[in-house]
Amino acid sequence: MRTKILATALVATAALTLSACGGSDGGGKGDNAAAEVKGGQKPGQAIVLDQAKAKPDLVLTDTDDKKYDLLEETKGRPTLLFFGYTHCPDVCPLTMSNVGIAVKKLSKAEREKLRVVFVSTDPARDTPKRIRSWLDAQGGTDFVGLTGDFNTIKAAARPLGIYIEKPKKEKDGSITVSHGAEVIGFSPKDDKARWIYTTEATADRYAKDLPKIIEGRNP
């Protein structure tokens, strides 16, 4: 298994590094996704979008095996959204763990406002029960885990600039799952995507930035 880093061409010659992971002993493959950002960014720093993006109109199944309407459930709440899968060997667990560590440093009031949502890119294998166990293991006991129809998930990710490929079974029986590994931050003020974090973002970076995001301010 390996992790493949995807270079993305951005507006105004800015560059954003995306990551896609291939799991279950498969090689990673991916595509480019465009985003509009402001100025020179330090590694791991939040990228502020020049043009906010709409939150996906997405209805999937949560880890209680119940319908979860993303727009309805996160309306007016600061939200972090990540697309990944539980068999991921590196990027996904690291990302969710970093966010989990940061969330634990928030006040109780801040934690109650924030929503962290994980959407599976491998829904055939990621059952609600498996996602719940996996998220809990990453320190995300309060995180929302969603699974469902792959095409629905892919359609929701694409407008955000996140490329997802349908899981592919290789000749040796392994499964390759490729996906963009950005964490998208939505403001509670207008429910729109205004920030992007790459795989370089650390737990300390999230811990520093989340209180501002919760208030709807640029980190």
Side-chain angles (χ1 to χ4, degrees), residues 8-19 33-58 68-84 91-92 94-119 135 138-146 156-162 180-219:
T8 299
L10 299 178
V11 175
T13 69
L16 167 65
T17 300
L18 308 182
S19 176
E36 297 177 345
V37 302
K38 293 183 179 179
Q41 300 290 326
K42 297 179 180 179
Q45 184 176 356
I47 296 167
V48 180
L49 296 174
D50 282 338
Q51 295 183 358
K53 297 178 181 292
K55 186 180 291 181
D57 184 0
L58 183 62
Y68 189 94
D69 186 322
L70 183 67
L71 290 181
E72 180 180 328
E73 297 289 345
T74 64
K75 184 177 181 180
R77 293 183 179 276
T79 303
L80 298 183
L81 180 63
F82 179 75
F83 293 82
V91 175
C92 303
L94 176 61
T95 299
M96 289 291 93
S97 177
N98 282 340
V99 174
I101 291 170
V103 169
K104 285 180 171 59
K105 296 181 180 181
L106 298 172
S107 68
K108 181 179 179 181
E110 289 172 327
R111 292 197 302 271
E112 289 177 347
K113 292 177 182 178
L114 181 67
R115 292 291 180 269
V116 179
V117 181
F118 170 89
V119 179
L135 286 175
Q138 314 313 318
T141 55
D142 295 328
F143 293 0
V144 175
L146 302 178
R158 181 58 68 91
L160 295 174
I162 299 176
E182 310 91 329
V183 172
I184 310 296
F186 294 84
S187 173
K189 294 182 177 180
D190 59 9
D191 288 317
K192 291 186 177 181
R194 294 193 171 276
W195 309 287
I196 292 177
Y197 286 91
T198 69
T199 55
E200 293 178 307
T202 63
D204 287 342
R205 169 54 62 184
Y206 284 115
K208 180 179 179 180
D209 291 359
L210 283 180
K212 297 178 182 179
I213 287 177
I214 290 169
E215 294 178 356
R217 297 189 290 121
N218 286 337

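Across all non-hydrogen atoms, the minimal contact from R77 to K55 is O-NZ, 4.3 Å. Minimum interatomic distance between W195 and P219 (heavy atoms only, all atoms of both residues): NE1-CD, 3.3 Å. Shown here for S187 and G216, the closest heavy-atom pair between the two residues is OG-CA, 3.8 Å. The heavy-atom pair separating F118 from M96 by the smallest distance is CD1-SD, 4.1 Å.
The environment of NZ in K104 is crowded: more than 12 heavy-atom neighbours from other residues, nucleotides or ligands sit within 6.0 Å.
To the nearest 0.5 Å, atoms CZ (R115) and CZ (F143) are separated by 12.0 Å. Atom OG1 of T79 is separated from atom CD of E73 by 10.5 Å, given to the nearest 0.5 angstrom. Taking OG1 of T199 as the reference point, atom CG of L94 lies at 8.0 Å (rounded to 0.5 Å). With rounding to the nearest 0.5 angstrom, the CD atom of Q51 is 10.5 Å from the CZ atom of R194. Considering CG of L58 and CD of E72, their distance stands at 13.0 Å, rounded to 0.5 Å. Here the straight-line distance linking atom NZ of K53 with atom CG of L160 works out to 7.0 Å at 0.5 Å rounding.
The side-chain contact (heavy atoms from CB on, under 4.5 Å) search around E110 returns L106, S107, P211, I214, not counting sequence neighbours. The side-chain contact (heavy atoms from CB on, under 4.5 Å) search around A102 returns Y206, A207, L210, not counting sequence neighbours.
Here the side chains of I184 and F82 are not in contact, with every heavy-atom distance at 4.5 Å or above. Side-chain contact between V116 and D142 is absent, with no heavy atoms from C-beta onward closer than 4.5 Å. The side-chain heavy atoms of L146 and V117, taken from C-beta on, include a pair separated by under 4.5 Å. Put simply, the side chain of P56 does not reach to within 4.5 Å of the side chain of V119, judged on heavy atoms. T74 places none of its side-chain heavy atoms less than 4.5 Å from the side chain of F186.
Sorted by first and then second residue, the pairs that involve residues 203-219 and meet salt bridge (charged side-chain N to carboxylate O under 4.0 Å, His left out), not counting sequence neighbours, are K105-D204, R205-D209, E215-R217.
A donor-acceptor contact shorter than 3.5 Å is absent between the side chain of N98 and the backbone of T202.
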